[in-house]
Amino acid sequence: AFEYQVKAAIEAVHRARGAVSWAYPSIVGSGPNATILHYAESDRQMKAGELLLVDAAANFGYEAADLTRTYPVSGTFSPVQREIYDLVLHAQEEAAKAAKPGATIAAIHDRTVEVLKEGLLKLGLIADTTGNQYQMWFTHGVSHYIGLDVHDVGARTEPLQPGMTFTIEPGLYIRQSVLDQLPKTPENLALITKIQPAVTKYNDIGVRIEDSYVMEPNGARSLTPSLAHTAAEVEAVMRKGRQTSQGNR
């Protein structure tokens with residue numbers, strides 16, 4: 001199957017169920033395309049063993065949601081894919097715990113970075129947690145406001161209050177070109193030598209997990225609690241989908 005077929009199927013469901021439109025141009029990227037932050041072409045044929053990153057949500061009643069899931073094309077995550085997936089999921093869970101009334105988008109991001117740094121160091125993808133090496137693989141903010149627009153107005157330093165809606169969306173995007181494009185300073189050459197084996201191991205793995213939340217008096221509540229979240233849940237959805245497809249033939 002091709003990426004554009006997945007994109008068309010998602011957007012058809014949005015419209016069929018009463019959405020005004022998509023909330024933003026859908027991002028559907030497989031394999032190396034999953035590591036591109038705002039990949040737009042959706043013209044690649046998916047291959048067995050790869051990941052498919054789908055960032056797509058509807059504008060319903062003129063309110064925008066924002067949602068991302070990452071799926072294994074073959075139905076199950078490989079061990080290395082699951083290591084990255086589980087780290088991203090852990091970062092999202094910890095970020096959600098930090099999302100309390102009075103917290104800020106900036107503070108939620110900082111907590112996410114702490115978790116990702118620890119995990120990336122264990123995986124060998126960075127050599128130091130004190131600096132910004134993590135930014136090679138985590139290339140965006142973890143949260144933004146949603147509402148009338150998918151990136152609604154609001155300051156990162158504004159305290160979150162009950163009723164506010166926002167996203168939490170950690171992601172990791174591992175690709176060899178990041179190392180290839182580093183300036184060849186002595187420091188960078190030493191870093192490349194140290195982390196190259198891990199980059200080779202995890203190359204072309206892109207994972208993002210994103211949900212929309214509303215702030216309540218006791219903390220953030222996911223607006224998508226019924227969706228598959230863990231790796232095991234995603235694999236179960238894939239199995240169910242294939243069984244349904246085969247049964248309809």
Side-chain angles (χ1 to χ4, degrees), residues 1-47 50-75 77 81 84-85 88-89 91-92 95-96 138-152 165-173 204-214 222-231 233-242 244-245:
F2 286 82
E3 295 164 343
Y4 59 76
Q5 292 174 292
V6 176
K7 180 177 179 178
I10 291 170
E11 294 179 357
V13 171
H14 289 170
R15 292 290 285 154
R17 297 192 177 184
V20 177
S21 67
W22 39 252
Y24 49 90
S26 300
I27 299 167
V28 180
S30 62
N33 293 340
T35 69
I36 301 172
L37 189 56
H38 289 115
Y39 170 73
E41 285 79 5
S42 300
D43 58 2
R44 182 178 181 273
Q45 187 173 23
M46 297 177 284
K47 297 179 181 178
E50 297 178 336
L51 295 178
L52 176 68
L53 189 153
V54 179
D55 188 341
N59 182 321
F60 190 85
Y62 299 99
E63 296 280 348
D66 202 352
L67 175 69
T68 306
R69 285 295 185 271
T70 305
Y71 304 93
V73 173
S74 297
F77 293 97
Q81 290 169 348
I84 298 296
Y85 189 96
V88 173
L89 178 61
Q92 190 196 43
F138 178 43
T139 55
H140 55 83
V142 78
S143 183
H144 58 80
Y145 297 100
I146 55 174
L148 297 179
D149 195 355
V150 71
H151 282 258
D152 218 340
T165 49
F166 55 97
T167 68
I168 299 178
E169 51 174 309
L172 291 173
Y173 317 95
D204 285 345
I205 294 179
V207 174
R208 182 162 65 254
I209 306 171
E210 177 181 21
D211 291 275
S212 297
Y213 295 80
V214 61
S222 173
L223 296 173
T224 49
S226 64
L227 296 184
H229 205 215
T230 67
E233 290 169 348
V234 171
E235 290 175 345
V237 167
M238 298 288 287
R239 286 194 299 273
K240 184 177 180 180
R242 290 186 175 184
T244 301
S245 176

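All of these numbers come straight from a predicted model, not from anything done at the bench.
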- request: Using the test side-chain contact (heavy atoms from CB on, under 4.5 Å), find all partners of S74 that sit at least two apart in sequence or belong to another chain.
  value: A48

- request: Supply the atom-to-atom distance E63 CD to D149 CG, rounded to the nearest 0.5 angstrom.
  value: 11.0 Å

- prompt: side-chain contact (heavy atoms from CB on, under 4.5 Å) with Q45: which residues, sequence neighbours excluded?
  reply: F2

field: Closest non-hydrogen atom pair between L53 and A34, with its separation
entry: CD1-O, 3.6 Å

- request: Calculate, to the nearest 0.5 Å, the distance between atoms NE2 and NE2 belonging to H38 and H140 respectively.
  value: 8.0 Å

- line: Here the gap from L172 atom CG to T139 atom OG1, rounded to the nearest 0.5 Å, amounts to 9.0 Å

Heavy-atom closest contact (T167 atom, Y213 atom, distance): C-CD1, 4.3 Å

- request: Give a yes or no on whether the backbone of F77 and the side-chain of E235 come within a donor-acceptor separation of less than 3.5 Å.
  value: yes

query: To the nearest 0.5 Å, what is the distance between CD1 (I36) and CD (E41)?
result: 7.0 Å

- prompt: Got a sec, which residues hit side chain to side chain donor-acceptor pair (under 3.5 Å) with D43, two or more places apart in sequence or on another chain?
  reply: Y39

statement: T35 meets the side-chain contact (heavy atoms from CB on, under 4.5 Å) criterion, sequence neighbours left out, with Y173, R175

- request: Rounded to the nearest 0.5 Å, what's the gap from CD1 on I205 to OH on Y85? Could you check?
  value: 13.5 Å

- prompt: For V207 and I84, which heavy atoms make the closest approach, and how far apart are they?
  reply: CG2-CG2, 3.9 Å

Pairwise side-chain contact, Q5 with V28, heavy-atom cut-off 4.5 Å (strictly under): no

field: For A91 against P170, the heavy-atom pair lying closest together
entry: CB-CB, 4.1 Å

- request: Mind telling me whether H151 and H144 have parallel, tilted or perpendicular rings, with 30° and 60° as the class edges?
  value: parallel

- request: Give the intermediate values and the outcome of side-chain contact (heavy atoms from CB on, under 4.5 Å) for residues V54 and T68.
  value: CA-CA 6 Å; V54 179; T68 306; 6.0 Å; no

query: For the residue pair V234 and T70, what are the closest heavy atoms and their distance?
result: CG1-O, 3.9 Å

query: Which residue pairs pass the side-chain hydrogen bond (donor to acceptor under 3.5 Å, both in side chains) test with at least one member in residues 11-25, sequence neighbours excluded?
result: E11-S26, Y24-D55, Y24-D66

field: Contacts of type side chain to side chain donor-acceptor pair (under 3.5 Å), residue E50, not counting sequence neighbours
entry: R44

task: Could you grab the distance from atom OG1 of T165 to atom CG of D152, nearest 0.5 Å is fine?
output: 7.0 Å

message: In the structure I gave you, are the side-chain heavy atoms of V142 and I168 within less than 4.5 Å of one another anywhere?
response: yes

- prompt: So do the side chains of H229 and I209 get within less than 4.5 Å of each other, counting heavy atoms only?
  reply: yes

- request: Give the minimum heavy-atom separation between R69 and E210, together with the two atoms involved.
  value: NH1-O, 3.1 Å

